[in-house]
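See below for the structure under consideration.
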Amino acid sequence: MMRGAKSDITQAVGNTPIVKLNKVTEGLAADIYVKCEYLNPMGSHKDRVARNMIQEAEARGLKPGGTIVEATSGNTGAALAMMAAIRGYKCVFVMPDKMSQEKVSTLRALGAKVVVCPTAVEPEDPRSYYSVAKRISNETANCFYANQYHNPDNPAAHYRSTGPEIWEQCGPELDVLVAGLGTGGTISGTGKFLKERKPGVRLLGVDPVGSLYYDYIKDKRITKPFSYKVEGIGEDFFPSTINLDIIDEVVRVDDKECFLMTRDLVRLEGLFVGGSSGAAVAGAVKYAKASGKKENILVMLADGASKYISKIFNDDWMRENGFLEEEGPSLGTVKDLLALRGGGSHKVETASSSDTILAVVNKLKKFGISQLPVVDDGRLRGLIHESDLLKALVSGRTQDATIAEMIESDYATVTPQTKVELMKNVMNDAKVALVMDGPTIVGLVTKIDLIDFLATRVGGKVAGPKP
Ligand code: PMP
């Protein structure tokens with residue numbers, strides 16, 4: 001073989017450069033660097049994961065020539081297809097329907113069979129892409145279900161390759177590692193390696209508004225997930241590949257922040273990256289602004305821009321979704337909605353889990369409301385709704401029973417700054433939205449509140465407190 005050549009393309013996975021950000025970080029005390037995982041052969045960090053999953057499966061006895069099945073948002077599929085080409089497998093990929101057409105076409109171009117499934121169903125639903133992938137793998141002979149959400153060889157790939165590589169490049173000067181959270185493979189595997197070398201390294205996860213991770217990492221609460229546009233990060237269930245205990249901090253970003261930052265990374269820094277990279281950098285900048293510390297932050301840039309040309313880089317798509325600045329007057333924020341409803345100084349009534357059914361019924365009647373957040377010692381426990389009380393009474397509970405067993409999680413959390421445009425998605429998926437200012441509940445929004453706010457605006461009435 002010629003000197004300097006690689007024996008095949010899988011040998012070119014990894015050794016991605018680390019680059020300093022110069023413009024989008026202006027005014028920050030911290031220095032932010034990025035690791036260009038989008039420069040891997042198939043365009044993402046998943047090349048490392050696919051290589052390790054296949055190598056380990058073969059070490060355990062998998063014979064080349066069978067079929068690889070995977071539930072994938074695109075990148076893992078492309079990476080597995082590269083491995084399949086080299087090692088001689090067929091591929092069947094199952095994708096949720098929110099993914100860009102480019103991703104579907106790319107996987108088909110790679111010779112894979114692609115099955116598209118609805119996004120808007122529960123993960124346990126037989127139509128979900130997780131369930132369909134599992135079914136196909138059970139029905140296909142000589143099949144390897146890569147299962148990136150539950151395969152320990154996913155985080156192990158990052159422990160073996162990404163972690164050591166970053167340590168080699170940065171050494172102990174690295175203070176914070178930032179990654180968007182999908183399967184959690186990147187942050188869990190890379191983070192484990194880096195913490196073994198330097199226990200003081202902080203791991204910062206970035207999570208989109210609508211995903212479960214943020215509330216769970218902050219408060220151990222499982223809230224109602226709702227849909228969002230950024231691809232590849234955030235989850236509506238907890239994969240076993242994520243080590244939530246290793247993550248030191250989590251930052252939440254909305255679609256608009258992610259996509260505007262993605263465009264800035266391309267146009268100001270020359271980094272041709274996709275939406276989850278914009279999300280990760282937007283999260284890192286938020287963190288750096290809040291901490292004000294002079295430190296070295298490294299952000300993982302997962303994949304490239306070419307898969308998102310028809311979305312993030314298409315002004316019409318950005319405008320239709322309300323993500324461009326010149327979109328005209330906005331519908332306002334949740335803060336405006338609360339102000340219209342209660343004059344801005346509305347105290348949020350709550351219950352505690354030791355309250356009796358009777359006490360809660362009396363409170364609901366007194367205030368003419370249908371549900372109360374349940375708070376114990378200043379900590380949000382969940383929600384009690386009149387339908388929960390009804391169910392309990394019908395099933396034979398007496399009115400002096402406590403509500404502890406009836407508390408439910410059918411709510412989402414938003415902040416006063418959340419755009420009203422976004423509330424449509426939130427209220428599609430959750431019964432109510434609790435408005436949180438840090439740990440404090442400052443409001444509760446139901447569907448009728450949203451309708452009332454929008455109807456008042458459309459009607460052109462002057463916004464002001466209702467009588
Ligand atoms: N960004 C993109 C574009 C992805 O496809 C993924 C993986 N779903 C991630 C980020 C998150 O990486 P991980 O699964 O390692 O948490």
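Counting starts at 1 for both ligands and their atoms, in listed order. We use all heavy atoms of the structure for the numbers below, so side chains are in, but hydrogens, waters and symmetry mates are not.
Salt bridge annotation for Asp207-Lys218: absent, with no cationic side-chain nitrogen under 4.0 angstrom from a carboxylate oxygen. Checked for salt-bridge contact, Lys46 and Glu70 miss the test: no charged N lies under 4.0 Å from a carboxylate O. Taking 4.0 Å as the cut-off between side-chain N and carboxylate O, Arg263 and Asp315 count as a salt-bridged pair. In summary, Glu231 and Lys103 engage in a salt bridge, as defined by a charged side-chain N under 4.0 Å from a carboxylate O. With salt bridges taken as basic N to acidic carboxylate O contacts below 4.0 Å, one links Asp125 and Arg127.
Residue His158 places no N or O, backbone or side chain, under 3.5 Å from any N or O of ligand 1. Checking only distances, Tyr308 never comes within under 3.5 Å of ligand 1, N or O to N or O. In terms of N/O distances under 3.5 Å, ligand 1 is approached by Gly182. On a distance-only criterion, Gly232 and ligand 1 share at least one N/O pair closer than 3.5 Å. Of the polar atoms of Asp303, none of the N or O atoms is found under 3.5 Å from an N or O of ligand 1, judged by distance alone.
Using cut-offs of 30° and 60° for the angle between ring planes, the His150 and Phe237 rings count as tilted. Classified by interplanar angle (parallel below 30°, tilted 30° to 60°, perpendicular above 60°), the ring pair Phe238/Tyr216 is tilted.
For Thr186, heavy-atom contacts with ligand 1 shorter than 4.0 Å involve the backbone as well as the side chain. At a heavy-atom cutoff of 4.0 Å, ligand 1 is contacted by the side chain of Asn75 but not by its backbone.
Ligand 1 places these atoms under 4.0 Å from at least one heavy atom of Ala302: 1 (N), 2 (C), 10 (C). Those atoms of ligand 1 with a heavy atom of Gly180 less than 4.0 angstrom away are 11 (C), 16 (O). Set against the non-hydrogen atoms of Thr183, the atoms of ligand 1 under 4.0 Å away are 13 (P), 14 (O), 15 (O), 16 (O).
In this structure, Lys46 has a heavy atom closer than 4.0 Å to ligand 1. Contact between Gln148 and ligand 1 is absent, with no heavy atom of the residue lying under 4.0 Å from the ligand. The shortest separation from a heavy atom of Gly184 to ligand 1 is under 4.0 Å, placing the residue in contact.
In this structure, Lys198 contributes its side chain and Pro172 its backbone to a donor-acceptor pair below 3.5 Å. At least one donor-acceptor pair under 3.5 Å links the side chain of Glu165 to the backbone N or O of Asn15.
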